[in-house]
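Notes follow once the structure below has been shown.
Sequence lines set the chain letters: A, B, ... in the order given, protein chains first and strands last, and positions in each chain run from 1.
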Number of protein chains: 2
Amino acid sequence: MPKVSQAHLDARRQQILDAARARFAGHGFAHTSMADIVAESGLSIGAIYRYFTSKEEIVVGVCEQAGGALPQSLTAETVSGFLEHVRAMAREKGHARLVAQIYAEAALSPSLATVVRQQLAAQRAAVAALVPDHRRGDAEQIAEAFVALCSSYSQQLAIRGDVDPAPFTAALMAIVEGQPAPPESRRTVDRRRPGSPDSP
Amino acid sequence: MPKVSQAHLDARRQQILDAARARFAGHGFAHTSMADIVAESGLSIGAIYRYFTSKEEIVVGVCEQAGGALPQSLTAETVSGFLEHVRAMAREKGHARLVAQIYAEAALSPSLATVVRQQLAAQRAAVAALVPDHRRGDAEQIAEAFVALCSSYSQQLAIRGDVDPAPFTAALMAIVEGQPAPPESRRTVDRRRPGSPDSP
DNA sequence: ACAAAAAAAGCGAAGGGTCGCTCTTTTTTA
DNA sequence: TAAAAAAGAGCGACCCTTCGCTTTTTTTGT
């Protein structure tokens, strides 16, 4: 039986997902045709339908791999660094636009909503575990708002092109600390004016 | 020259926009066909194309009318009431899902992005005017995070069906006040468990 | 007043195109 | 050489838009 290695099969599947993600981020799910994915991936329609039974299944596959990173602690430095990372992913990979597409589709498709809800719940749990001791009692509420505001920064990047992360860092710390961050840590916030604020 | 009253023309145009908004909120822009809008509006295709030159133009028209309300002051009571209003609009009109569609499309279409950016800028300006005196210096940063977190609550409603607004009220007040809201005002936050949290 | 005319408003069948997917054929691999 | 893998032409369905026709409304002529 002539079967190619499992690693090769996995690589091909990933090749399709990578191509699809790139096009989805640039043109959305509906405005990306199978022919587009064929062109981007360098494979054929026949090959793609060997790995996915439908376009919808490709969309789900991309969504499952689109879960974002998180800061590893909730200090002004790490939070600011995390937002810069989100900003870089938006610039380089169009990741913010992709996330906007995913949220919109998840609002319509119950199966996609399940995927996204689980990712959000995992993010909230991870953040909740990081809240400082003196606010441990409100950890879940804090995590809810924290994760929401992070994804909102991504949304703003998607719509406005580039947005200064400083107000978001300050707000995230206010949510976590329950009071203004101490002056010395606020000074670490990057206040440089972004390249082209408010333009796409 | 036989021309019907301008009021009648406006009413017809609005009739089309109302029908389109309802379908867009339920099924997204791409999954809503002209035939759907015809069925929902009770008009004919020919009539619709008398008022709009393309489907895209209907989408823009709906987006222009989708600008959300804002709280009239930044107290825990008014902010909480505002979030309840957002929540009610999501339940009754699917408004949160519509907004998710708009943001996704704005991330792809420069013309739509312009419309949405102007609405966001107007909202930030309105909120900035409401920040209390002792934080007037950070009004713009506060408004940026405030508006973002409000729209993020809408996004969460779109994806998760219903979400307790309490964590968002607390976070919004933390952003505005720069410290935890005083106990008595926090007690006004509606802490009832929403009907079905985390399920669509 | 009334009717004929003119023009806007409304209608819907059909055109032209795109798209997702299938199926047969060809190529590759063990 | 036999079966898996890849290829891609073609099918059927759908969808946006156009265009000629009908209906409705206002104006005009008598």
Side-chain angles (χ1 to χ4, degrees), chain A residues 1-63 101 104-105 108-109 111-112, chain B residues 1-63 101 104-105 108-109 111-112:
Chain A
M1 320 79 153
K3 215 177 173 181
V4 104
S5 75
Q6 183 63 36
H8 178 253
L9 293 177
D10 293 346
R12 275 290 152 87
R13 188 187 151 92
Q14 192 58 48
Q15 181 178 355
I16 295 166
L17 287 177
D18 290 343
R21 183 192 309 123
R23 295 279 178 155
F24 287 162
H27 301 88
F29 298 132
H31 299 103
T32 297
S33 67
M34 285 296 141
D36 290 332
I37 300 177
V38 165
E40 181 83 25
S41 68
L43 293 176
S44 65
I45 319 207
I48 290 178
Y49 273 92
R50 175 165 304 281
Y51 292 89
F52 297 91
T53 71
S54 67
K55 183 185 178 183
E56 166 78 16
E57 200 170 288
I58 299 178
V59 170
V60 173
V62 168
C63 291
Q101 309 306 313
E105 201 66 21
L108 304 174
S109 156
S111 61
L112 256 190
Chain B
M1 314 80 146
K3 217 178 174 180
V4 104
S5 74
Q6 184 63 36
H8 178 253
L9 293 177
D10 292 347
R12 276 291 154 86
R13 188 187 151 93
Q14 193 58 49
Q15 181 178 356
I16 295 166
L17 287 176
D18 289 344
R21 183 193 309 122
R23 295 279 178 154
F24 288 161
H27 302 86
F29 299 132
H31 301 317
T32 296
S33 67
M34 285 296 138
D36 290 332
I37 300 178
V38 166
E40 182 83 25
S41 68
L43 293 176
S44 66
I45 319 204
I48 291 178
Y49 272 92
R50 178 166 301 280
Y51 291 89
F52 297 91
T53 70
S54 68
K55 182 184 178 183
E56 166 77 16
E57 200 171 289
I58 298 178
V59 170
V60 172
V62 168
C63 292
Q101 309 307 311
E105 201 66 20
L108 303 174
S109 156
S111 61
L112 257 191

Measure the shortest side-chain to side-chain distance between [X] and [Y] over non-hydrogen atoms and say whether it is less than 4.5 angstrom.
X: A:V38; Y: A:L43; answer: no
X: B:M34; Y: B:I58; answer: yes
X: A:V59; Y: A:C63; answer: yes

Please confirm whether the backbone N or O of [Y] pairs with a side-chain atom of [X], one donor and one acceptor, at under 3.5 Å?
X: B:D10; Y: B:A7; result: no
X: B:K55; Y: B:F29; result: yes
X: A:S109; Y: A:E105; result: no

Minimum heavy-atom separation for B:A20 and B:I37, please, with both atom names.
CB-CD1, 4.0 Å

What closest approach, in Å, do A:D36 and A:H31 show between heavy atoms, and which atom pair accounts for it?
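Minimum heavy-atom contact is OD2-O, 3.8 Å.
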
For nucleotides 14-17 of chain D, tabulate all protein N/O to nucleotide N/O atom pairs closer than 3.5 Å, reporting atom names and distance.
unit_1 : atom_1 : unit_2 : atom_2 : d
D:dC16 : OP1    : B:K55  : NZ     : 3.0
D:dC16 : OP2    : B:M34  : N      : 2.8
D:dT17 : OP2    : B:Y49  : OH     : 2.4
D:dT17 : OP2    : B:K55  : N      : 2.9
D:dT17 : O5'    : B:Y49  : OH     : 3.2

Using the 3.5 Å cut-off, write out each protein N or O paired with an N or O of nucleotides 20-22 of chain D and the distance between them.
none

Can you tell me which residue pairs pass the salt bridge (charged side-chain N to carboxylate O under 4.0 Å, His left out) test with a partner in residues 40-53 of chain A, sequence neighbours excluded?
A:R23-A:E40

Atom [atom1] of [X] and atom [atom2] of [N]: how far apart are they, to the nearest Å?
X: A:I58; N: C:dC19; atom1: CD1; atom2: P; result: 15 Å
X: A:Y51; N: D:dA7; atom1: OH; atom2: C1'; result: 13 Å
X: A:H31; N: C:dG17; atom1: NE2; atom2: C1'; result: 15 Å
X: B:L9; N: C:dA8; atom1: CG; atom2: C1'; result: 9 Å
X: A:Q6; N: C:dA30; atom1: CD; atom2: C1'; result: 16 Å
X: A:E57; N: C:dC21; atom1: CD; atom2: C1'; result: 13 Å

According to side chain to side chain contact (heavy atoms under 4.5 Å, CB included), who are the partners of B:S54, at least two apart in sequence or on a separate chain?
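Applying side chain to side chain contact (heavy atoms under 4.5 Å, CB included) to B:S54 gives B:E56, B:E57.
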
Please, which pairs that meet side-chain hydrogen bond (donor to acceptor under 3.5 Å, both in side chains) have at least one residue in residues 11-21 of chain A, sequence neighbours excluded?
A:R12-A:Q15, A:Q14-A:D18, A:Q14-A:Q65, A:D18-A:R21, A:R21-A:Q65

Would you mind classifying the nucleic acid contact of B:F52 as base, sugar-phosphate or nothing, using non-hydrogen atoms under 4.0 angstrom?
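Here B:F52 touches no strand at all.
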
Residue B:H8, side-chain heavy atoms: nucleotide from C:dA30, C:dC11, C:dA9 that is nearest:
C:dA9

Taking only the side-chain heavy atoms of A:A47 (C-beta and beyond), determine which of C:dC11, D:dA6, C:dA30 contains the nearest atom.
D:dA6

Stem list, DNA chain D (Watson-Crick or G-U pairing under 3.5 Å, at least 3 consecutive pairs)
C:1-30 with D:1-30

